[in-house]
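Since this is a predicted model, take the numbers as computed values, not measurements.
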Amino acid sequence: MKVTVRFFASVKEQLGRELEEIEVPAGISTVGGLRAHLRARGGRWAEVLAETRRVTAAVNQDMVKPGAAIKPGDEVAFFPPVTGG
Amino acid sequence: MSNNPSIGAVASFVGLVREVAMTLEHYPGMTENSIRKIAEEARSRWQVIDCTVIHRYGDLRPNDQIVLVAVASAHRGEAFAACEFIMDYLKTRAPFWKKEHAAEGSRWVEAKSSDDDAAERWRLRQGATKP
């Protein structure tokens, strides 16, 4: 399935990427699974999306937990903890 | 908020930029949705007659206003509580990120655990403060 992945703030800067269409391999059905898939690219990806780093995910613009399901056409976003207000 | 005789209290909060210039990044679309949801949550918990939230993004200088929350209610207790709740939730749920620009360079502001704690206490108090 294909999903759109967006990155924000320090995650975007450190990955050098803002937006990407990703063909998700069969067997990956959650946000956490997608994060692990991206981490497996190695290099900056392994570092920025490391399990020890606090990275928040959103699916279709709603903050979710790593176990949240993803489906074709979803907009998934990864970003650091928010600091507005 | 004017011309409504049932309004007895308006509580407002304005957040300002302290000392260092910054750029506020946000997630267009999700930002608006999350603010709408936070306001709806406040309306479901307290008797909010009206409420307004304005949050800026982009480049901001010291003393600039970042955020305004204003809540109108029949009584002050509800207005104060809903206003504080909205601010605490904005801090932890609305997709904004601050990047400070100091003389020695720019850096992303780290999220504070005290903000998480402030938002969390509303979860614990859910129901308790409801009229």
Counting heavy-atom pairs under 4.5 Å with chain A, which one of B/R93, B/R107, B/E110 comes out on top? B/R93
Residue pair A/A58 / B/M30: nearest heavy atoms and the distance that separates them: CB-SD, 3.9 Å
Return yes when atom CD of A/E23 has more than 12 non-hydrogen atoms of other residues, nucleotides or ligands closer than 6.0 Å, and no otherwise. yes
With a 4.5 angstrom heavy-atom cut-off, could you sort out which part of B/K37 is near chain A: side chain, backbone, both or neither? side chain
Looking only at heavy atoms and a cut-off of under 4.5 Å, which of A/E13, A/E75, A/R6 has the most pairs with chain B? A/E13
Interface moiety of B/S34 toward chain A, non-hydrogen atoms closer than 4.5 Å: neither
Which pair of heavy atoms, one from A/T83 and one from B/V109, lies closest together, and at what distance? CG2-O, 3.4 Å
Any idea which heavy atoms bring A/P80 and B/W97 closest together, and the distance? O-NE1, 2.9 Å
Under 6.0 Å from the CD atom of B/Q65, do we count more than 12 heavy atoms belonging to anything else shown? no
Same cluster or not: A/F79 versus A/V59, using hydrophobic residues (I, L, V, M, F, W, Y) connected whenever any side-chain heavy atoms lie under 4.5 Å apart? no
I'd like to know if B/V69 and B/F80 are part of one continuous hydrophobic network [Ile/Leu/Val/Met/Phe/Trp/Tyr, side-chain heavy atoms within less than 4.5 Å]. no
For atom CZ of A/R41, is the number of surrounding heavy atoms from other residues, nucleotides or ligands below 6.0 Å larger than 12? yes
State yes or no: do B/Y27 and B/I35 share one hydrophobic cluster built from I, L, V, M, F, W and Y residues joined by side-chain heavy-atom distances below 4.5 Å, directly or via other members? no
A/L34 reachable from A/M1 in the ILVMFWY side-chain graph, under 4.5 Å edges: yes
In terms of heavy-atom pairs under 4.5 Å with chain A, which of B/Y57, B/F13, B/F96 leads? B/F96
Closest heavy-atom pair and its distance - B/A111, A/V82: CB-O, 4.0 Å
Toward chain A, the part of B/D116 with a non-hydrogen atom under 4.5 Å: side chain
So does A/E18 have more than 12 non-hydrogen atoms from other groups sitting under 6.0 Å from CD? no
Which one, A/A9, A/S10, A/A77, A/P81, leads in non-hydrogen pairs under 4.5 Å with chain B? A/A9
Where A/F8 and B/P28 come nearest, the two heavy atoms and their spacing: CE2-CD, 4.5 Å
